[in-house]
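Notes follow once the structure below has been shown.
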Amino acid sequence: MKYRVIWRVSLVFAMLLSVFLSLFGSLQALQASPSRDDVASASLPLSQKFVLKAAATAKVPLIIVNPGQTIESTSGQFVTTLYGQGLLPYTLYQLKDTNHTCKDSINSARTRVRTDILGNFAYSITGGDGVTPCLPGTIVVTASAGHTSYQTNFTVLKPARSKEPKLQIRPAVVTNSATGSFVSTITLQGLSAYSSYVLKDDFTCQTSINRSESQVTLTTDGVGNAAFIWGGGSNYVQASTPCIPGTYHVTLNAFPTATATATATATATPSPTATATEIPSPTATATETPSPTATATEIPSPTATATEIPSPTATATETPSPTATATEIPSPTATATEIPSPTATATPSPTATATETPSPTATATTIPTPIPSPSVTPPPAFDLAISNSNAGGASAVVGDSISYTLTVLNVSGLVPANNAIIVTDSIPVGLTDVNVSSTTSDWVVTVNASTSPSFVVATYLGTTPIRAGTILPGITIVGTVTVDAIPILTDTASVASIGDRNPVNNIVTTTISVSAAPTPTATPSPTPSPMATATPSPTPGPTPPPTLHEYQLPKGSGRLSGIAYGSDGGIWYLDPLSNRLGRVNPDDGSIKTYAIPTGGSLPDSLVAGLHGDLWFTERGASQIGHFVIATTTLTELSIPTARSAPEGIAMDSNGQVWFVEHDANQIGVVTISGVIQEYPIPTPNSGAQKIVVDVHHNVWFSEHRLGNIGRLASDGTFTTYPLASTTAQPSGIAVSADGSQVWFVEQGPNQVGRLDVQTGTISGSAIPSSKGRPGSLILTPSGRFWFVLPATNQIASFDPTQPESITEYTAPTANSRPQDLTVDGNGAIWFTENYTHKVGKIQP
């Protein structure tokens, strides 16, 4: 008997040791397996502390590069991040670099970045194309808006053999705004080249990391570096929860890191000889990380075994067994982790039982106890909107005094008492004698400079709570137009408040066309000689026709469709038959083309984005294409509704991409987060064709089949405006700079139509050439509208103040059938020729 007991105890210890070594080896394998670089992965996870402070005074405007010195790889490539702080909010800054010997993401394109509500931005600079290496030296970067510019520099060093893996947050201490928002930049260095890593943060508010299902995956470049623009709060990720000041952490792990906890559940009948007892531990865990040897086990015993590996006497399965089970039910007492430490042990005892509560038939089952979530009361939901009423109209002359009023409306919900409402207005270069006021003391208004660029801040101190439908007192801004405003003065204002559930209508942009003051005619002085008397010049004759030119495209191109002016100065077009995106170099006429991944996509309409990219509809594939000019990368987004046949496309001032789904009778939008949302059009079978977005974020579209003009308002409601003719067939559509008038062309009556938004009145002007079948319509910075007449092989234009005076120009190539239009930075009009292999240009 004595030897039998000793033999059994020895057997238990031997099994214990075997399981311990197996578990320890498995966990070591788990740690090493996810990364391609043993040196880098050995240092993971990486963590960085981040401090968020409460709102304070404005930051000193500057731009910096993080990290300050970038180590070049042996292939002559680098990556770093440019960060701006304290600049003008919601303003486009032009980026340039100098002293550069290789191609990078700035000097390869006319790069522009837009600041957020805090006046911050972050931009990842990559250099080296694998052909021309980046030589060591100092690179100077400049960010400019109007006459204001900021400068910084960084150094590219000689190649280094290796680097220590590093996670950095710059700046690591950030002051958030009064609305609870922040923005910073995360850079990764010295990791595995072309490998994926996962970022996580422990913020209690929504950030650009944790909104993506609690993780963001970054892929490093050939140097093992990557950069990520990280922001949080209501004004950065369209969330309503403010970011509370405190200390937080960002953690980097190897990819993949998706885990699932597993809880061992054992059932055993007590044995008088020896049983295995599970000793619960708060840190005992076992992971479901990808590894063939990862197991969650209890310690086996001759009479009771709890393991995920089948045993002849006791099986650990997800289905409870009368003898032993090991399930994946989360439990606060036994979970699965990558910590290589054995915590589940078997203690041999002649009286031990495999139960938590000793009982002859008790089951040792761990029942998960719900962990109560912190009690968080969400802020009341409401919807604020801002509008701009420009008293001077859509055009001005240097020396004019202009005045416009910002108005805030509570569209729906109840704004709670003492809820902060802040209006900001970024006035670009072009105004002097700037003054801001309000009709009541409900607003406290400030402006930082009387000569723009100026920044206006208005804080609401009036009566609260604010009920739905309430219009707050207006904020009036006046100023005198200077020559710096030529040709366009664009003003952007926004409203922000914690709890606003619809940020789409929180920004309003007003555009005013500015021209030089007319030169006064000199009156001749009296003179005794008749020859000295100035004779009035005769009335000038018709303006000479503009210059027309065509660019021959590669053979095989034809039936061209959309066209757009890119941020790189190139003219981009779509070639449906060849299934390609092409570029014309205006300087030398050279052509480059890029294949669209999906065959037979039938690309239709094209628009330039806000960040040096292009977006286009794929009618045949029901997809939206996205092309980044700097990197020449092309991706495609599938529209949720199959066979939707997207056609017209437009961009709003927030960077959202709107398009019509012709066959699905819907309006679609690619949101800032990259998600596609759809809005069914109320009128069935409308045949929606073209689309445009006004400064108030109202979406206007032509219902070609039904003869209507439709509007999707910023609050999500639709309005239909029927046209007078039953054969109207509206096609191209455009909107005035101030959003007060919607212009469109009608193919049936062959006329230009106008809708007065305020009154709903619709009028029309006949097009001289009959049966021209007018198509695409655009508004140029000069204030003129241009449209195509494919059936008569013409391009036409008119002044909105005289819509009945339409000028037509015939394309040089017969039967070319102009299809779509765009305008470049010099005011030249470019168009695609649907029936030829050419792109045309008109220089007015």
Would you say [Y] and [X] are linked by a side-chain donor-acceptor pair, where the criterion is simply a distance under 3.5 Å?
{"X": "S601", "Y": "Q623", "answer": "no"}
{"X": "H697", "Y": "S653", "answer": "yes"}
{"X": "S797", "Y": "R784", "answer": "yes"}
{"X": "E678", "Y": "T641", "answer": "yes"}
{"X": "E636", "Y": "T598", "answer": "yes"}
{"X": "D383", "Y": "N505", "answer": "yes"}
{"X": "N793", "Y": "S816", "answer": "yes"}
{"X": "K690", "Y": "S731", "answer": "no"}
{"X": "S769", "Y": "E808", "answer": "yes"}
{"X": "R580", "Y": "T593", "answer": "yes"}

Side chain to side chain contact (heavy atoms under 4.5 Å, CB included) for N685 and R705? Distances and angles first, verdict last. CA-CA 7 Å; N685 198 27; R705 190 175 290 119; 2.7 Å; yes

Nearest-0.5 Å distance that lies between atom CD in Q747 and atom OG in S725: 12.0 Å

Nearest 0.5 Å, please: how far is OG1 in T617 from CG in L574?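 With rounding to 0.5 Å, CG (L574) is 7.5 Å from OG1 (T617).
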
Output all residues satisfying ring pair (Phe, Tyr, Trp, His ring centres under 6.0 Å) with F798, sequence neighbours left out; order by chain, then residue number. W743, F785

How would you list, by chain and number, every residue that makes a ring pair (Phe, Tyr, Trp, His ring centres under 6.0 Å) with F718, sequence neighbours excluded?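 F718 satisfies ring pair (Phe, Tyr, Trp, His ring centres under 6.0 Å) with no residue once adjacent residues are dropped.
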
How would you list, by chain and number, every residue that makes a side chain to side chain donor-acceptor pair (under 3.5 Å) with [X], sequence neighbours excluded?
{"X": "D663", "answer": "none"}
{"X": "W786", "answer": "none"}
{"X": "H626", "answer": "D613"}
{"X": "D715", "answer": "T717"}

Out of F616, Y565, F627, which residue meets the ring pair (Phe, Tyr, Trp, His ring centres under 6.0 Å) rule with W572? F627

If we ignore hydrogens and angles and just use 3.5 Å, is the side chain of S494 paired with the main-chain N or O of V423 as donor and acceptor? no

Taking only Lys NZ, Arg NE, NH1 and NH2, and the carboxylate oxygens of Asp or Glu, determine whether D568 and R583 approach each other closer than 4.0 Å.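 Counted as a salt bridge, because a side-chain N and a carboxylate O are separated by less than 4.0 Å.
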
